[in-house]
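One structure is given here, and the rest of the page talks about it.
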Amino acid sequence: MSTIKFDLPTNDTSVTAPKNSVLTLIVPVYNEQAAIGPFLDVMATISAQMPPSVQTEILFINDGSRDGTEFAIRSFIPANHHIRLVNLSRNFGKEAALCAGLEHARGDAVIPIDVDLQDEPGIIPEMVAKWQQGAEIVNARRSDRSSDSWAKRTMAKAFYRVYNYLSDHPMPSDVGDFRLLDRQVVDVLRTLGERVRLNKALFSWVGFKAEEVIFERKARSQGHTKMNFWRLWGIALDGIIGSTIKPLRIWTYLGTILGIMSLLYATYIFVSTLWFGVDVPGYASLILLILTFGGLNLFAIGILGEYIGRILTEVRERPMYVVHSTHGGDE
Ligand code: UDP
Ligand code: MG
């Protein structure tokens, strides 16, 4: 079994030396047994390129994996004190796993990163450099998404367009969860109690001084994506509904306009019936109105339901995730 070497902080006390700090890499994993080894190999190389004052902690959040992911991670822990593992009691989804990571991270800065090496670890030293120069958030923007399928790219583009149109706090497109967050930002994020959440939307909402680093998103190192269409759809809806009430407000305006139009039409029908008598034919216009209004009503109720369902999730106040066990570090 390979041993991963990490640079320990030096005890250099010279006046010019920057303060020793810890960087936590938050790595959510779900059925990623084969990806753990290659990820840690790459991280060992990256760790060697880091400034000596920065110590790297790797915090795996095992999101209820059913394969050998937990065993794979634990096999590295005895020889690597900088690796920690938090096992969740079942699969809670990546957003919840990320929250668990933010809660358990001890670093002065954190970087959420996927284990499949799609988030280029090679740019981490550059992100750390910007942080040391004063940035509180360092976004990693994808210059190239050709490793994602055409359908996924189109959906992502549509999502960002809709989100940024509706939301009061736009977020940069092509920046995922992979970004550096200073401790101050993490502490603010930890105070946000909402359960229905899209973390990257909150990363933008908190504000703070942000810088940017560009990278090229590669194909997965191992395995296959865990995000199918319905998962992504659910996350996108959570993001939009969690950030704006405009989809609710639209019905106030649309209802008002349709109400006025209906009143005018009703007046016209009333007057013309008085004047010309009862006009029996009218099946086409009747059925058209019934179908249109029926459809609009159902659609509006559906939107209401999306909000009410999420209100229920919030008021139940269940935790976003349940920790089964922790390994590594002091535990
Ligand atoms: N992941 C997770 N829980 C889930 C789904 C995914 O922790 O329910 C992790 C996964 O192991 C990976 C990261 O989230 O480290 C990104 O997932 P994936 O690569 O499948 O998503 P994609 O990059 O295709 O959007
Ligand atoms: Mg991936």
Side-chain angles (χ1 to χ4, degrees), residues 24-43 58-73 76 83-105 110-121 123-124 140-142 144-160 171 173-179 195-201 203 215-236 238-239 320-324 326:
T24 303
L25 298 176
I26 299 174
V27 198
V29 283
Y30 177 49
N31 295 342
E32 301 281 10
Q33 177 182 359
I36 305 295
F39 175 80
L40 287 174
D41 282 343
V42 172
M43 285 322 303
I58 299 184
L59 174 61
F60 285 104
I61 309 295
N62 178 18
D63 188 15
S65 299
R66 284 185 293 262
D67 64 354
T69 301
E70 179 183 352
F71 175 75
I73 298 168
F76 285 96
I83 299 177
R84 285 165 65 211
L85 166 65
V86 173
N87 282 312
L88 303 188
S89 62
R90 63 167 170 84
N91 179 247
F92 284 88
K94 189 188 171 187
E95 299 302 315
L98 260 183
C99 289
L102 292 173
E103 199 57 42
H104 286 82
V110 310
I111 300 183
I113 182 169
D114 292 355
V115 75
D116 55 16
L117 299 176
Q118 287 200 283
D119 298 334
E120 175 57 62
I123 62 165
I124 292 177
R141 186 189 288 276
R142 304 157 180 170
D144 175 20
R145 287 187 69 136
S146 52
S147 61
D148 287 334
S149 66
W150 176 85
K152 193 167 180 179
R153 285 201 307 269
T154 313
M155 264 172 55
K157 209 167 161 184
F159 166 72
Y160 281 112
M171 61 176 161
S173 57
D174 292 327
V175 181
D177 297 317
F178 182 42
R179 58 183 92 191
R195 288 153 185 78
V196 179
R197 61 162 71 199
L198 175 65
N199 281 297
K200 58 186 169 185
F203 296 166
F215 78 105
E216 205 175 296
R217 188 162 160 92
K218 299 206 199 91
R220 251 183 172 265
S221 66
Q222 307 277 331
H224 56 87
T225 178
K226 308 295 179 305
M227 302 290 189
N228 61 27
F229 171 80
W230 289 112
R231 271 195 176 215
L232 289 174
W233 177 252
I235 291 172
D238 282 348
M320 281 188 73
Y321 58 85
V322 176
V323 174
H324 177 269
T326 56

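By convention here, the first residue in the shown sequence is residue 1. Counting convention: from 1, in listed order, for ligands and their atoms alike. The shown structure was predicted, so the numbers you read here are calculated from the model rather than taken from an experiment.
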Examine Gln118 and say whether one of its N/O/S atoms is closer to the Mg ion (ligand 2) than 2.8 Å. yes

Nearest heavy-atom approach of Asp63 to Gly93 is OD2-N, 3.0 Å

Trace of the side-chain contact (heavy atoms from CB on, under 4.5 Å) decision for Arg197 with Asp238: CA-CA 6 Å; Arg197 61 162 71 199; Asp238 282 348; over 6 Å; no

Test Asp119 against Ile111 for side-chain contact (heavy atoms from CB on, under 4.5 Å), laying out the working first. CA-CA 11 Å; Asp119 298 334; Ile111 300 183; over 6 Å; no

Is Arg141 reaching over with its side chain to a backbone N or O of Ser173, donor-acceptor style, under 3.5 angstrom? yes

Taking Gln118 for the side chain and Lys218 for the main chain, is one N or O donor matched with an acceptor at less than 3.5 Å? yes

Using the rule given for side-chain contact (heavy atoms from CB on, under 4.5 Å), can you reason through Arg66 versus Asn31, listing the C-alpha separation, both sets of side-chain angles and the distance that settles it, and then say yes or no? CA-CA 6 Å; Arg66 284 185 293 262; Asn31 295 342; 4.1 Å; yes

Proximal heteroatom of Asp116 relative to the Mg ion (ligand 2) (N/O/S): OD2

Quick check with a 6.0 Å cut-off and a 45 degree axis cone: is Arg231 positioned over the face of Phe229's six-membered ring? no

I'd like a table of the close N/O pairs between ligand 1 and the protein (anything under 3.5 Å), one pair per line with both atom names and the distance.
| unit_1 | atom_1 | unit_2 | atom_2 | d |
| --- | --- | --- | --- | --- |
| ligand 1 | 3 (N) | Asp63 | OD2 | 2.6 |
| ligand 1 | 8 (O) | Asp63 | OD2 | 3.3 |
| ligand 1 | 8 (O) | Asn91 | ND2 | 3.1 |
| ligand 1 | 8 (O) | Arg231 | NH1 | 2.5 |
| ligand 1 | 11 (O) | Tyr30 | N | 3.0 |
| ligand 1 | 11 (O) | Glu32 | OE2 | 2.6 |
| ligand 1 | 15 (O) | Pro28 | O | 2.7 |
| ligand 1 | 15 (O) | Val115 | N | 3.3 |
| ligand 1 | 19 (O) | Asp116 | OD2 | 2.6 |
| ligand 1 | 19 (O) | Arg220 | NE | 3.4 |
| ligand 1 | 19 (O) | Arg220 | NH2 | 2.8 |
| ligand 1 | 20 (O) | Arg220 | NH2 | 3.3 |
| ligand 1 | 20 (O) | Thr225 | OG1 | 3.3 |
| ligand 1 | 20 (O) | Lys226 | N | 2.5 |
| ligand 1 | 23 (O) | Gln118 | OE1 | 2.9 |
| ligand 1 | 23 (O) | Arg217 | NH2 | 2.9 |
| ligand 1 | 24 (O) | Lys152 | NZ | 3.0 |
| ligand 1 | 24 (O) | Thr225 | OG1 | 2.5 |
| ligand 1 | 25 (O) | Lys152 | NZ | 2.8 |

